[in-house]
Amino acid sequence: MVNRVLIIGLGLIGGSLAKALKKKKFAKIVAGYDRNPDDLQQGLDLGIIDEGFSDLAEVVATADIVVLAVPVKATENVLAAIKPYLSPATVITDVGSTKANVILAAQTVFGTVPDKFIPGHPIAGSEKSGVAAADENLFAKHKIILTPLPESDESATRLIARMWQSTGAEVLQMGVERHDEVLAATSHLPHILAFSLVDTLAKEQDSREIFRYAAGGFRDFTRIAASDPTMWHDVCVANKQEILNQIDNFTDGLATLRQAIVASDSQSMLGIFTRAKSAREHFSKMLTGTAYSQNSHKSQVTFHVHSAAPLLGRIRVPGDKSISHRAVMLGALAEGITHISGFLESEDSLATVQAFRDMGVVIEGPHQGRVKIYGVGLQGLYPPPGPLYLGNSGTSLRLLSGLLAAQAFDSQLLGDNSLSKRPMERVAEPLRKMGASIQTSEGGGAPVVIQGGQQLSAIEYQMPVASAQVKSCLLLAGLYATGQTRIQQPAITRDHTERMLQNFGVQLTIEDDAVTIASGQVLKATSIEIPADISSAAFFIVAAAINPGSDLVIEQVGVNPSRSGVLKILGLMGADLTLENPGMLSGEPVADIHVRYAPLRGITIPDELVSVAIDEFPVIFVAAAAAQGVTCLSGVSELRYKESDRIEAMQEGLLRMGIDVTVKGDNILICGGVLQGAKVSSYDDHRIAMAFAVAGTIANSEVVIEACSHVATSFPEFVDVAQKAGIRINKEET
């Protein structure tokens with residue numbers, strides 16, 4: 001424990017820090033100094049400090065830590081006042097919202113910045129002021145930025161970090177210049193704008209009426225104009241140049257918006273408003289390294305499943321994720337306005353939407369599955385303002401790599417922890433053969449760094465592994481490469497990209513095992529209707545197939561032959577499946593899938609069906625566990641490189657549920673049996689979580705599935721739809 005902490009300045013920040021340190025017992029004594037004797041006495045009376053001093057000479061020499069909680073303008077005078085009494089071991093820090101002037105003050109007083117002076121800035125506050133407003137929870141779950149210099153004492157830095165962490169704050173480090181630049185944009189500018197707006201409106205003749213009828217948005221935005229004027233005057237003086245730079249940036253942006261309003265330029269206005277609306281959620285996800293979505297998924301999600309009654313009635317699952325990605329990408333590259341209906345509003349597809357917004361594409365929605373995209377053409381993308389954050393979406397990362405490899409600007413693609421582990425060299429290697437400059441991480445994953453300005457050349461490429469994402473990546477790159485790009489695949493993979501390119505007017509040559517695309521083509525905007533996702537439907541198809549008495553219809557599901565391997569596999573196992581009301585949506589075959597219960601039997605899954613059912617294998621494992629006899633499969637090594645090692649995850653979970661699963665190299669044997677209740681983990685893999693939820697419908701006791709928050713990456717409404725179908729499932733969030 002630290003012996004004595006001295007807080008100089010008992011305002012809101014100093015008083016709150018003192019109160020928090022006392023509560024957490026960080027120091028034996030929390031002492032305070034303030035020029036105002038009334039504030040000092042109030043601090044003692046309220047129990048905010050243990051000791052109060054009006055003479056610095058009495059206390060500075062005995063303090064282990066001295067915290068300067070004074071206005072930035074007063075820093076130099078306070079440092080000069082304490083200098084004669086400082087012990088060589090005393091650690092000094094401050095709370096000023098600008099740091100360059102604090103460093104300058106220390107240099108002026110000491111000649112050089114003492115190695116035990118660790119500048120700091122708590123990103124917390126209130127419009128209230130004074131020691132009476134002190135709040136011990138003011139810093140909890142807020143950020144504290146420390147700006148130590150290269151010569152700063154590391155143990156002193158750790159001590160100050162520990163002090164702030166004891167208050168519940170998150171401690172970060174940043175360079176002095178960068179701190180002042182960032183805070184000018186994120187804190188100083190908003191306060192200045194709020195002050196200016198209120199001042200401007202207050203000068204109006206009818207200002208009383210303006211303020212009387214101000215709505216909540218005005219009150220929320222201008223709340224910070226009630227902050228201490230003297231403090232903000234001092235901030236403007238101390239951080240003058242950076243604040244002026246940010247005012248200029250904002251003025252330019254406001255002028256752009258003004259001109260759009262003058263010209264009734266709807267596209268420009270919508271672009272500004274939609275980008276701003278989505279940016280707030282996007283940046284919070286990017287900074288925390290979590291999956292991207294419109295809703296927060298920081299909580300831990302656990303599924304509880306009990307054996308189900310028969311699944312009956314009619315349900316509809318969300319739009320196809322693969323097609324949703326491609327519709328946004330090609331709509332952005334088309335000339336004209338593309339309308340999309342049935343868009344999947346999941347985390348993965350929203351990441352693709354945000355990426356194109358970051359590259360200057362105006363996108364309205366999604367709203368109830370409808371999206372409107374103002375295409376910019378093949379050459380119309382703008383450099384993004386920073387790295388493109390793609391959450392958990394491997395489709396976004398791989399397909400965008402091909403597109404961005406051909407752009408004139410540099411780009412960097414990031415993902416969450418799960419996505420960063422997935423192999424990206426399988427797209428980087430052929431792109432390099434086309435002339436791209438692309439780097440992956442040391443392990444061959446994200447971040448992916450692409451140097452723009454490269455002229456791509458067409459290649460003939462034999463894919464070593466059947467992968468629709470690799471094929472689609474190279475087709476997008478082929479739109480820009482000189483010549484004709486030909487991709488050969490060792491097995492059939494989903495052909496959504498080829499079908500959609502044709503919808504946008506692109507000519508392709510399609511053979512049984514190859515597809516060829518020529519550059520120089522123009523994409524024309526169109527309307528896209530997205531069918532229901534067969535990968536999402538598969539969970540309910542299997543659940544109905546294995547629960548006695550079930551009679552379920554899943555409406556308007558995409559039954560593209562390159563995706564419907566799960567239907568063929570289940571048919572071979574004896575499932576009672578019929579396709580009703582067949583039709584076409586934007587070049588994709590669709591049908592209602594009618595499932596009735598029938599006993600399943602173990603089979604040897606034909607090799608040719610593996611690549612057209614690769615995403616559905618977790619739930620196919622469950623069907624095999626419920627079948628009579630042994631199911632054999634091979635050639636599914638690709639499952640080890642998904643969001644998790646799906647082979648290992650399913651084997652572990654099914655073994656816990658009493659099912660014999662043997663894995664030898666690339667061969668897997670699943671012996672059907674009676675499923676037991678158990679606690680299993682999805683390993684943050686959405687399809688594993690939903691597959692075990694299906695297994696729970698026929699288990700003899702409760703199945704608890706941990707780490708299910710990533711279900712939102714592909715099927716946000718899974719629990720609601722499952723309950724409607726008759727599955728007894730509950731979601732627990734902690």
Side-chain angles (χ1 to χ4, degrees), residues 270 274 294 314-353 356 361-375 393 395-396 399 468 472 475-476 494-508 510 522-538 540-541 553-564 566-567 579-594 612 615 714-718 721:
L270 285 168
T274 56
Q294 291 178 315
R314 304 178 73 89
I315 61 170
R316 183 181 289 268
V317 299
D320 190 285
K321 182 157 71 82
S322 295
I323 300 175
S324 294
H325 281 300
R326 289 157 172 84
V328 171
M329 292 181 184
L330 298 187
L333 299 178
E335 296 183 354
I337 300 175
T338 292
H339 296 267
I340 303 171
S341 60
F343 179 82
L344 173 65
E345 297 181 39
S346 72
E347 295 188 350
D348 281 7
S349 43
L350 289 170
T352 294
V353 170
F356 281 93
V361 180
V362 177
I363 302 175
E364 292 183 48
H367 177 67
Q368 296 181 348
R370 296 189 177 277
V371 181
K372 187 177 182 181
I373 303 174
Y374 295 81
S393 178
T395 301
S396 303
L399 270 62
S472 298
L475 286 172
L476 290 176
R494 59 187 64 178
D495 63 357
H496 300 310
T497 303
E498 295 96 305
R499 289 173 183 260
M500 190 162 291
L501 281 167
Q502 291 173 323
N503 274 345
F504 281 90
V506 175
Q507 298 296 314
L508 302 169
I510 299 174
V522 175
L523 281 71
K524 295 295 184 182
T526 186
S527 294
I528 300 291
E529 293 183 78
I530 298 176
D533 195 328
I534 193 169
S535 294
S536 297
F540 297 100
I541 294 170
V553 177
I554 305 120
E555 298 176 341
Q556 291 297 282
V557 180
V559 289
N560 184 315
S562 66
R563 283 284 299 283
S564 56
V566 62
L567 300 179
L579 301 184
E580 301 171 352
N581 300 320
M584 297 289 290
L585 284 180
S586 301
E588 293 281 350
V590 297
D592 296 342
I593 301 177
H594 194 166
V612 292
D615 280 343
S714 67
F715 200 161
E717 304 88 2
F718 173 72
V721 176

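Taking all atoms of both residues into account, the shortest heavy-atom contact from Gln502 to Ile510 is NE2-CD1, 3.7 Å. A pairwise comparison of heavy atoms in Leu270 and Tyr374 identifies CD1-OH, 3.5 Å as the closest pair. Between Ile340 and Ala327, the closest heavy-atom pair is CD1-CB, 3.6 Å. Shortest non-hydrogen contact noted between Glu335 and Lys524 is OE1-NZ, 3.6 Å. Between Asn560 and Pro589, the shortest heavy-atom contact is CA-CG, 3.7 Å. A pairwise comparison of heavy atoms in Ile363 and Val353 identifies CD1-O, 3.8 Å as the closest pair.
With no hydrogens or angles considered, no side-chain donor-acceptor pair links Thr526 and Asn503 at under 3.5 Å. Side-chain contact annotation: Ser349 with Ser324, donor-acceptor N/O pair under 3.5 Å absent. For Ser714 and Ser346, the side-chain atoms include no donor-acceptor pair closer than 3.5 Å.
Using a 4.5 Å heavy-atom threshold, the side chains of Thr395 and Thr352 count as separate. Using a 4.5 Å heavy-atom cutoff, the side chains of Ser322 and Arg494 are in contact. Inter-residue side-chain proximity for Pro366 and Leu350 is flagged as met; some heavy-atom pair is nearer than 4.5 Å. Looking at heavy atoms from C-beta onward, His325 lies in side-chain contact with Ser396 at the 4.5 angstrom threshold. Side-chain contact between Glu529 and Ser341 is present, with at least one heavy-atom pair separated by less than 4.5 Å. Taking 4.5 Å as the limit, every side-chain heavy atom of Pro716 sits out of range of all side-chain heavy atoms of Glu345.
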Does the side-chain contact (heavy atoms from CB on, under 4.5 Å) test come out yes or no for Arg499 and Ile323, once each step is laid out? CA-CA 10 Å; Arg499 289 173 183 260; Ile323 300 175; over 6 Å; no
Worked verdict on Met329 versus Ser472 for side-chain contact (heavy atoms from CB on, under 4.5 Å): CA-CA 11 Å; Met329 292 181 184; Ser472 298; over 6 Å; no
Let's go through Ile528 and Leu330 carefully: what are the C-alpha distance in whole Å and the side-chain angles of both, what is the deciding distance for side-chain contact (heavy atoms from CB on, under 4.5 Å) to 0.1 Å, and is it a yes or a no? CA-CA 11 Å; Ile528 300 291; Leu330 298 187; over 6 Å; no
Working for side-chain contact (heavy atoms from CB on, under 4.5 Å), residues Asp592 and Gln556: CA-CA 5 Å; Asp592 296 342; Gln556 291 297 282; 3.4 Å; yes
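Between Phe718 and Phe540, the ring planes are tilted. Angles from 30° to 60° get that label.
The number of heavy atoms from other shown groups lying within 6.0 Å of CZ (Arg314) is above 12. A 6.0 Å sphere centred on CD of Glu580 holds more than 12 heavy atoms belonging to other residues, nucleotides or ligands.
Each of Val557, Asp533, Val612 was checked for a side chain to side chain contact (heavy atoms under 4.5 Å, CB included) with Arg563, and the lone residue meeting it is Asp533.
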